[in-house]
There are 2 protein chains.
Amino acid sequence: MNVEETLKKVGLRLTDTRKAVLSLFIDANKALSHSDLEEKLADCDKVTLYRTLSSFLEKDLIHKIVNPDGVAFFALCKHHEHTHHAHTHLHNHGHFVCKICKETRCIEDFEIEIPTNLLLNSQIDEISVVLQGTCSNCIKIQNRV
Amino acid sequence: MNVEETLKKVGLRLTDTRKAVLSLFIDANKALSHSDLEEKLADCDKVTLYRTLSSFLEKDLIHKIVNPDGVAFFALCKHHEHTHHAHTHLHNHGHFVCKICKETRCIEDFEIEIPTNLLLNSQIDEISVVLQGTCSNCIKIQNRV
DNA sequence: GTTTATGCAAATTCTTTGCAATACT
DNA sequence: AGTATTGCAAAGAATTTGCATAAAC
């Protein structure tokens, strides 16, 4: 997955911040919050980061996960790794948030079926599934103490 | 479901604000945000409302649903309507949020099974399932225009 | 050259904290 | 009487907006 090609494909100008942020998402392989990015890109203005995240959301490069504390995390949309372009896609996979280290990951294997029998007259656009608990790493650390 | 009995049962003092807020939750039969309460209880200080919500959360009278915009909503925990007291309970039922009118409801019939095969070494405490879309009422209004 | 993005300051919104006055048991 | 709760002011955190400068196309 090439950073510059991806940005061009969705019609965003190639700026240093956008290239850096997209690289971070690709390398991270997990969800990142605004403050994660701010920390990693210390010389970048926080407002620019907010705007970068907005433009990525708008172009469907990333999706937003709000954890149970109300903190927003963002993760790459997997469909951009493939050549085909699914335009209206539901993010109906699960997410796991560790309440200790706050690490947030997509669980691609866990997909929720929309309950079409319920909510008969409503239209569903988006699904958010967040599992909160303690990650394996933090359990290990707890057991050591 | 009696307001005063319920408050006593969980060990909270009977104050005007608590009685009013609990009544609103019972009558509303849907999730309410802090600003919903502020609007309905105009003569009550907003800080008191924050603290009321905290105490209700702590006593498991209500649960918190963070909608995809990051706005917190709160809804009654159903187990308090019965006499038996489940102390550690997962809120693994779904929630529906209308992106237009922001109405938020529990969908009690829609329960998510925790995927025990995934996340083998992690511990899951809480599940949040939020479906976002357009509610039947807002669809009707759209069609009229 | 035209359009879009950035950086800074400032405004807004949401939430928490400290403390004296008040209400509950 | 003793303890918990309230209301107000103020602090803090998260996010948005306006605008001049700078960078991308």
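Residue numbers start from 1 in every chain, and the chains themselves are labelled A, B, ... in the order their sequence lines are given, proteins ahead of strands. Fair warning: this is a prediction, and the values are worked out from it, not measured in the lab.
For dG7(C), one of the phosphate oxygens OP1 or OP2 lies less than 4.0 angstrom from a side-chain nitrogen or oxygen of Thr48(A). Contact annotation: Tyr50(A) does not reach the phosphate of dT16(D) (side-chain N/O to OP1 or OP2, under 4.0 Å).
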If you apply the rule salt bridge (charged side-chain N to carboxylate O under 4.0 Å, His left out), what do you find for Lys102(B) with Asp69(B), and how did you get there? CA-CA 10 Å; Lys102(B) 302 296 172 191; Asp69(B) 302 329; 2.7 Å; yes
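Nearest-nucleotide positions on DNA chain D place Arg13(B) closer to the 5' end than the other of Arg51(B) and Arg13(B). The residue among Leu12(B) and Val47(B) whose nearest nucleotide of DNA chain C lies closer to the 5′ end is Val47(B). Residue order along DNA chain C, read from the 5' end via each residue's closest nucleotide, puts Ser54(B) first among Ser54(B) and Leu14(B).
Taking CD1 of Ile112(A) as the reference point, atom CZ of Phe110(A) lies at 3.5 Å (rounded to 0.5 Å).
As rounded to whole Å, 19 Å separates atom P of dA23(C) from atom CG of Leu7(B). Summarising the geometry, the separation between CZ on Phe56(A) and P on dA5(C) is reported as 11 Å, rounded to the nearest angstrom. Summarising the geometry, the separation between CZ on Phe74(B) and P on dC14(C) is reported as 13 Å, rounded to the nearest angstrom. At whole-Å resolution of the value, CG in Asp45(A) and C1' in dA5(C) are 12 Å apart. We find that CZ of Arg18(B) is positioned 10 Å from C1' of dC24(C), with the value rounded to whole Å. Atom CG of Asp16(A) is separated from atom P of dA22(D) by 16 Å (rounded to the nearest Å). Summarising the geometry, the separation between CD on Glu38(B) and P on dT6(D) is reported as 15 Å, rounded to the nearest angstrom. As a whole-Å value, the separation of Asn67(B) CG from dC14(C) P is 12 Å.
Among dG7(C), dC14(C), dT6(D), the nucleotide with an atom closest to any side-chain atom of Thr15(B) is dT6(D). Distances from the side chain of Lys46(B) to the nucleotides dT15(D), dT6(C), dT15(C) place dT15(C) closest.
His63(A) and Phe74(A) have their aromatic ring centers separated by at least 6.0 angstrom.
Ser35(B) and Ser33(B) are linked by a side-chain donor-acceptor pair at a separation below 3.5 angstrom, with hydrogens and angles left out of the test.
With Ser54(A) contributing its side chain and Tyr50(A) its backbone, the two residues share a donor-acceptor pair below 3.5 Å.
Among the heavy atoms of the strands, none lies under 4.0 Å from Ser35(B).
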